[in-house]
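Per chain, numbering begins at 1; letters A, B, ... match sequence-line order. Treat the numbers as computed from the prediction; the structure is a model and nothing was measured.
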Number of protein chains: 2
Amino acid sequence: MTEASPQGNRTRDRILATAARLFSQHGYDHTPLSLVAREAEVSKALILWHFESKQDLFRAALGRTLEPYYIDVGDIGSLDEYEQIKRLVDLYFKFVRANGYSVRFILDMMVSESAPDEVTSHVNRLYSLFREMLTKAITQGRDNGRFRSDVRPDLDAALILTALDGILMEQFLNQATPTNTSEELLEHLKNTALERLLS
Amino acid sequence: MTEASPQGNRTRDRILATAARLFSQHGYDHTPLSLVAREAEVSKALILWHFESKQDLFRAALGRTLEPYYIDVGDIGSLDEYEQIKRLVDLYFKFVRANGYSVRFILDMMVSESAPDEVTSHVNRLYSLFREMLTKAITQGRDNGRFRSDVRPDLDAALILTALDGILMEQFLNQATPTNTSEELLEHLKNTALERLLS
DNA sequence: GTCTATATACAGATAGAC
DNA sequence: GTCTATCTGTATATAGAC
């Protein structure tokens, strides 16, 4: 790992960007170094000079893929609980829509149990954070009387989240139901979930 | 493809069963023929005498893996709509629990878009069938007054199904939520879904 | 039908010149 | 830093004896 020249190495960066793209598209096993080399317009040997091994390149590329995986809820605190939940659900949905390629890739790794610990922990952390925000909104709404007093914040939050996951996953399998679009389902989820919560 | 002796070929069958198990456990790419050969206690050459290629073996093994993938709802017609829905949800859940290994395997293929058409069409057919049964139960319940008159059978059925998918998928990612078990979530799903439907 | 031995291809990784 | 040439391992598949 030679010390990079000031402001980083351009070639190394091109290799990394190319690798991140190809791994996400074809997966680790179906992305030979020869392909990365061709697309990045370098030799295989150069890749292995910049990175110790293919696995090492993969880890580095994953870091780049995970960069957009964080939550920015904006000024959610200023909204009432009803709107907070709608906002959170929409954010989740939009994020997956916007990052379809890499979400599919990461989902694939997790299902096949081939995801590095770094990835699973990152995803789990995000997931927990999101669920906690939902739980908090429901709890608040219950305590200030906007929601029913018998809601179960943790269970209701978890159920909303799993329904959301199901909608999103269907997009990755068949193309959702033939009759209903994912958008319709998403609206229905928000309507029924909030109807249940309101007192 | 030599004509099998009466009642089928025992060795060929052992190869097939071994291959089905190993492919499900490790996936196509990580199941070399040498491993199948060792576990089935035959030579690699013999496998390729019985099957034209590794791909051919894989297709044949998939057929076996898919055998339990059918729906047996029993005498569901004799139940009222409320119980029908509970029964259907439980059946779905139990099936995935009982076939965890192969469900994960098939899910993996579909997410990575490497599933043969035969598999996706089989799974989609089952999925549609199940959703139609749910839709029918809700429609019936609405028409005979047990459920609210403003239910949306197709949307409500689809939402129940996606929530169910979400619960099941969480089992394949992290080990569900730390606080809630999948069983608790399943109960909560049934309770809230049916509460919404009832008039 | 079943085996051993071999052909062929391609992957990741290294050696060494420039 | 970057290349060409090569090593080494392992995979699928074939040839041919029994």
In this structure, CZ of Phe51(B) is separated from CZ of Arg12(B) (nearest 0.5 Å) by 4.0 Å

Give the rounded distance in Å between these two atoms: [atom1] of [X] and [atom2] of [N].
| X | N | atom1 | atom2 | answer |
| --- | --- | --- | --- | --- |
| Leu46(B) | dT12(D) | CG | P | 16 Å |
| Asp29(B) | dT10(D) | CG | C1' | 14 Å |
| Arg38(B) | dT10(D) | CZ | C1' | 13 Å |
| Phe51(B) | dT14(D) | CZ | C1' | 18 Å |
| Trp49(A) | dA17(C) | CH2 | C1' | 16 Å |
| Gln55(B) | dA11(D) | CD | C1' | 14 Å |
| Glu52(B) | dT14(D) | CD | C1' | 14 Å |
| Leu33(A) | dA11(C) | CG | P | 9 Å |

| Which heavy atom of Leu185(A) sits nearest a heavy atom of Leu155(B), and at what distance? |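 Minimum heavy-atom contact is CD2-O, 4.0 Å.
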
Note to self: Quick check on DNA chain C: between Glu41(B) and Lys44(A), whose nearest nucleotide comes earlier from the 5' end?
What the structure shows: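 Per heavy-atom nearest nucleotide, the more 5' residue is Glu41(B).
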
Across the strands shown, which category fits Leu48(A) at heavy-atom distances under 4.0 angstrom: base, sugar-phosphate, nothing?
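Base contact - Leu48(A) has a heavy atom under 4.0 Å of at least one base atom.
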
Among the nucleotides [options], which one has an atom lying closest to any side-chain atom of [X]?
| X | options | value |
| --- | --- | --- |
| His50(A) | dT2(D), dC3(C), dT12(D) | dT2(D) |
| Lys54(A) | dT14(D), dA13(C), dA13(D) | dA13(C) |
| Val42(A) | dC3(C), dC3(D), dA13(D) | dC3(D) |
| Ser43(B) | dT4(C), dT14(C), dA13(D) | dT4(C) |
| Ala45(B) | dG1(C), dA15(D), dG1(D) | dA15(D) |
| Ser53(B) | dA15(D), dA11(C), dA13(D) | dA13(D) |

- Take Glu170(A) and Tyr127(B) through the side chain to side chain donor-acceptor pair (under 3.5 Å) test and state the conclusion after the steps. CA-CA 11 Å; Glu170(A) 283 192 354; Tyr127(B) 203 78; 2.7 Å; yes

- Query: For dG1(C), does either OP1 or OP2 sit under 4.0 Å from a side-chain N or O belonging to Thr11(B)?
  - Reply: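 Checking Thr11(B) against dG1(C): no side-chain N or O falls below 4.0 Å of OP1 or OP2.
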
Notebook entry, point to check: Charged N to carboxylate O below 4.0 Å: is that the case for Asp154(A) and Arg131(A)?
Noted result: no

- request: Could you tell me whether Arg142(A) and Glu81(A) have a side-chain N and a carboxylate O separated by less than 4.0 Å?
  value: no

